[in-house]
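Quantities reported herein were computed from a predicted structural model and do not represent experimental measurements. Labels below follow one simple rule: chain letters A, B, ... track the order of the sequence lines, proteins then strands, and each chain is numbered from 1.
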Amino acid sequence: MLRLRRVLLVAAALLATGCAPRGDAVRAAAHGPLYFGDVTPPRANVLRYNNGAEPETIDPGLATGQPDGRLVRTLFEGLTVSDPRTLEPLPGQAYRWERSADGLTCTFHLRPGLRWSDGTPLTARDFVWSWLRVLRPETGAKYGGLLHPVAGAEAFNRGELKDEAKVGLAAPDESTLVVRLAQPTPYFLHLTSLPPCLPAPRHVVERWQERWTLPGHIVSNGAFVLATWRQNDRFELARNPRYWDAGHVRLDRVTAYSIEDLNTATNLYKAGALDWNTSGYVPSPFIPYLRAYSDFRSGPYQAVYFYSISVTRAPFDDVWVRRALNYAVDRNAIARDLLKGTREPWGNLTPRGYPDYRRPPGLSYDPEKARACLARAGYPGGKGFRRIAILFNTSEDHKRIAEAIQAMWTRVLGIPVELQNMEWGSYMQASTALQYDVARRSWIGDYLDPGTFLEIMRTGDGNNRTGWRDPRYDRLLRDAAVELDAARRMEQLAAAESLLLADGPVIPIYHYATAELVKPYVRGVHQNALDTHPLKDIWIDRGWRRGAPPLAGRATPEDRRSSIVRVAGTQPGFAGPPPAGGPRPRRAADGPPGTASR
Amino acid sequence: MTAFVLRRLLLFVPTLWVIATLTFFMVRLAPGGPFNAERDIPQAAREQLMRQYGLDRPLGEQYVTFLANAVRLDFGPSYKFPTRQVREIIAEGFRVSAELGGWALLVAVLLGVPIGVIAALRQNSALDAAAMAAALAGVSVPNFVLGPLLVLVFSLTLYWLPPALWQGPESRVLPVLTLATAYVAYVARLTRAGMLEVLRQDFIRTARAKGLPERRVVFQHALKLGVLPVVSYLGPAAAGLIMGSLVVEQIFAVPGLGRYLVNGAFNRDYTLVMGVVLFYAGFLMALNLLVDVAYAWLDPRVELR
Amino acid sequence: MSALPLARPAVEPDTAPGPPASLWSDAWRRLRRNRVAVPAAFFLAFVSMLALFAPWLSGLADPAAQDLRLGATWPSVAHWFGTDELGRDAFARVVYGGRISLLVGLVGTLVSLVIGVSWGAVAGYAGGKLDELMMRVVDVLYALPNIFLVILLLVFFSRSLLMLFVALGLVQWLTMARIVRGQVLSLKQQTFVEAARALGATDPSIVFRHIVPNTLGPVIVYTTLTVPAVILQEAFLSFLGLGVQPPAASWGTLVSDGARVLALFPWLVLFPGLALSLTLLAFNFLGDGLRDALDPQDRRESA
């Protein structure tokens, strides 16, 4: 009984003191801003953050997941990089670019003297080779679709076009890359900062084949290089002295932990072992309580949580049934009550944040209308309606929402609903093979354009997974793709979305929000809709308690000076030779930022 | 003895073959495949990957290829982590898992045996009852509750120990304790039962009658036989530790092999799953053999046939 | 599963067979005098009654009734064990969770019992090559990391409650088979078996009519100890997300969900955790008591 008694005692103590975060909040309230746990900066000039689940690969051409992408974009740099606040394309490896009037030709000019981390010169031909590698069917790249706007790329990627010279990529000289596009693709510049468009070192890839990304082999061109890697544990990155802007990289080292469990990551952050717990790794039940802390940050994230309906199955082949299910979902109750306002109720497939896009009115909760729709479909009061199942993959969050929606449908429509919780492999199989009734889905945008969401519902798209098809919808998307007038294009996309919402193959539920914990001494982590954070701009501010407001993003000149002094003083092992071509002014002040057409 | 070991080693081959065959077909028949992703993979890429891994061949042919390679301990690259050979993943992960499990087993024996001995010597006393009740309580609390509880108290409230990660000796404490608790309890109960049985026997009575000090009776004569049940329990305990480590590795972000077993199955990472299952099966069999040999060595009454 | 092998040396194979039927009343008397086993049995009876009659208990809230606006609240007069994040009454959830946990424990054990007893009895009685083969199968399955077997079964054959019973039972029968075989090996030499054979009884009737009933002692003890092992196993599967389908929840589901919000809503792990742990404890105490009552060696000692 001893142990049991101890457990009881601890439990009693917990009950008495209340929950940990709240307890801390009360204690710290007297001393100004609250921070969640330890706020002692690390001894070295190093950033320790949680990169999330173990990345499948750090090959830029093959990376798909968010943890993979975060590392890949730290190790490699594309033609452009996205501004951490506005997501505007900024000069990266290319210092300027031009776009033809018809929008079909992009000419990129690379910075002079670019080198890989092993000293090999990096030229425009590296980009041509890397992009073709991603497109070549033999590579088996899962994300090749992002390069399809390039002329001939789609056919080449499918294996229909064999001659790579017919793909619209050319390097007339070492520092010029000319890209011909199949369609105007206004968001093309955004794409050039994404993993599949990052360059891979041909000489290393050809020598080591699929093992070229291992430490010791890997050569990269970004702000950091890979030093060590421990499986399922961490990546250690060091500053890349040959990076063109190495003079402005402020961290000596980065430790990217591969922690999959949300509670574990948050515990480590609280204990001061992590400086940054990235978005997606804060357990959602904690978010309402963390909002009291100054080191918790949240903002809209370009992603939507929705349910999809397998429309080829009876009774979902009836649009009135789909509408009934849609109207019977109380998004407000889910977002505001169940999720405690940590998410925004959402009735559209496209998220917020596209300034020129006029979103059609979203779907909303209307029990009367829902019942009327169901009656119109021939099931008044739910009579005769078969038992349907909500499919979701194992996760505490998905479960709670499914339980809530199950109760809503039963209450509002009077139909029998059961839940189907599957582990990942079975869930994927059931949802792609359309062997489900209603399935949990979510979609994260790749770039800032409604097209990144609407494209998935195109007839036969691999991500459609509803069996829904509508020639009018497809035609609107096709028209939009070739439309040169930006305003007209947005109208066509909006028309497509309202068509989609009226036909109801998807049930939007909520708009995602980022939720991350950033220690007050970590500067330069900016919140943005794509949740992308170039580590190059991040630095550790030892003197964070003096002066500067805790969450100030941009480094002040004063801050930077102190940081550079420390860089020179500590960690000689990581301080490389001065960057080729000497320190350059910051990117923002660099050469003319091209003619980004938006 | 040598003949016994050789015969058992020979039996490994058909046993592993049965396990390999069983798991191969179970994994393959499970719904889904390794190349289903939330974000759809283009058809051409999927076909290429299937070709690359030989998944486009008939299942029978794949099975033969798999067996032929498995004999050479070559399971191929993981599907999910294509830069890594399954062999490397196992080697790196098992080092950590073995350390975690080894510590846990050591703690279980070092704490469990003394508790069991004391309980046996004071049979039916309040101390005995308390020790055994505590032992039972230890097995009645699931480790996925014990782990977070320990973290909450020692890492997040007292700030004594790191809440997770596998770096430095202090990071070992909580995961090892979480994993060991249930086994401390088992070892204590087994030791108590074993000791009670031995203490009843005639040679102990004789030893006492001869006037040997109780200390020598217990430690020189009784203990050696009394811990025999514990020794025979080490085999199953190792199997149990593997399961326990799935939980502990997740809660404490320990980069061991346990998580690969479950995640490999969920992701349909065929090669990884097959490699890990066969590895664990071989490991458990070897351990059981070792336990049998140790048992015979400790107990002269047992003859290995 | 060998994770929690609750077999004690006293009921391991090759020990003496159970007591003859004439000693059952003796064992019963000994059990009744046990200061721990009797309260444990009463506790289990109470918990079982609560679980069994839960749907007819007036005053017990509907475990599925949600109140999203209410959310998670501390224990109160209205909700003895508090409410969960969907505003459901945690007391009702614990009571209904007991239905599932106990059902899984009992049925899973029953499956293991049927397979294990038949397997062990046949192997022990047949002897020779068949015995060798059957025990080799047991050895093979012992070596398999059997949690993996369970995962595969649950993945492959969908996640019904029935599958959970079968999967858990399938990995628990191994020890039972070994125990029964050991018993049978020594029983079949005894005179009453000879007598039955002389009277012309067939092999199946000898095994299942005469031998199996005589292995009852150790089997009962081991069965009592298997139930908590199966319940704990189900809890482990719930932690992996492979437990029963929501919105139904076993104690394992409640506890593993609760452990994730331990720092926020401690009552969500405390009460189901207590229910789970106390039940496991009670089963173990009862099993220990039964073993003491049925173990001939102990009887000799105290006589």
Self-check item: Polar side-chain atom of B:Ser78 near backbone of B:Lys80 as donor-acceptor pair, under 3.5 Å
Solution: yes
Self-check item: Working for side-chain contact (heavy atoms from CB on, under 4.5 Å), residues B:Tyr183 and B:Leu241
Solution: CA-CA 9 Å; B:Tyr183 297 91; B:Leu241 284 171; 3.7 Å; yes
Quiz item: Just wondering, more than 12 heavy atoms not from A:Trp212 lying within 6.0 Å of its CH2?
Solution: yes
Quiz item: Side chains of B:Gln167 and A:Arg234: donor-acceptor distance under 3.5 Å anywhere?
Solution: yes
Quiz item: Do A:Glu423 and A:Thr394 get their side chains close enough for a donor-acceptor pair, meaning under 3.5 Å?
Solution: no
Which bit of [X] comes within less than 4.5 Å of chain B, counting heavy atoms only: side chain, backbone, both or neither?
| X | result |
| --- | --- |
| A:Arg136 | neither |
| A:Ala271 | both |
| A:Asn50 | neither |
| A:Ser431 | neither |
| A:Asn263 | neither |
| A:Glu54 | both |

Counting heavy-atom pairs under 4.5 Å with chain B, which one of [options] comes out on top?
| options | result |
| --- | --- |
| A:Asp261, A:Asp233, A:Asn463, A:Thr57 | A:Asn463 |
| A:Arg465, A:Arg441, A:Gln209 | A:Arg465 |
| A:Gln231, A:Glu210, A:Glu138 | A:Gln231 |

Checking heavy atoms, do the side chain of [X], its backbone, both or neither come under 4.5 Å from chain A?
| X | result |
| --- | --- |
| B:Pro82 | both |
| B:Arg259 | side chain |
| B:Gln52 | side chain |
| B:Gln43 | neither |

Practice problem: Measure from the ring center of B:Phe279 to the ring center of B:Tyr260 and say whether it is less than 6.0 Å. | Solution: no
Practice problem: Tell me whether the centres of the aromatic rings in A:Tyr49 and A:Tyr257 are closer together than 6.0 Å. | Solution: no
Practice problem: Can you label the angle between the B:Phe94 ring and the B:Phe283 ring as parallel, tilted or perpendicular, going by 30° and 60°? | Solution: perpendicular
Quiz item: Among A:Thr266, A:Asn277, A:Thr264, which residue meets the side-chain contact (heavy atoms from CB on, under 4.5 Å) test with A:Ile259?
Solution: A:Thr264
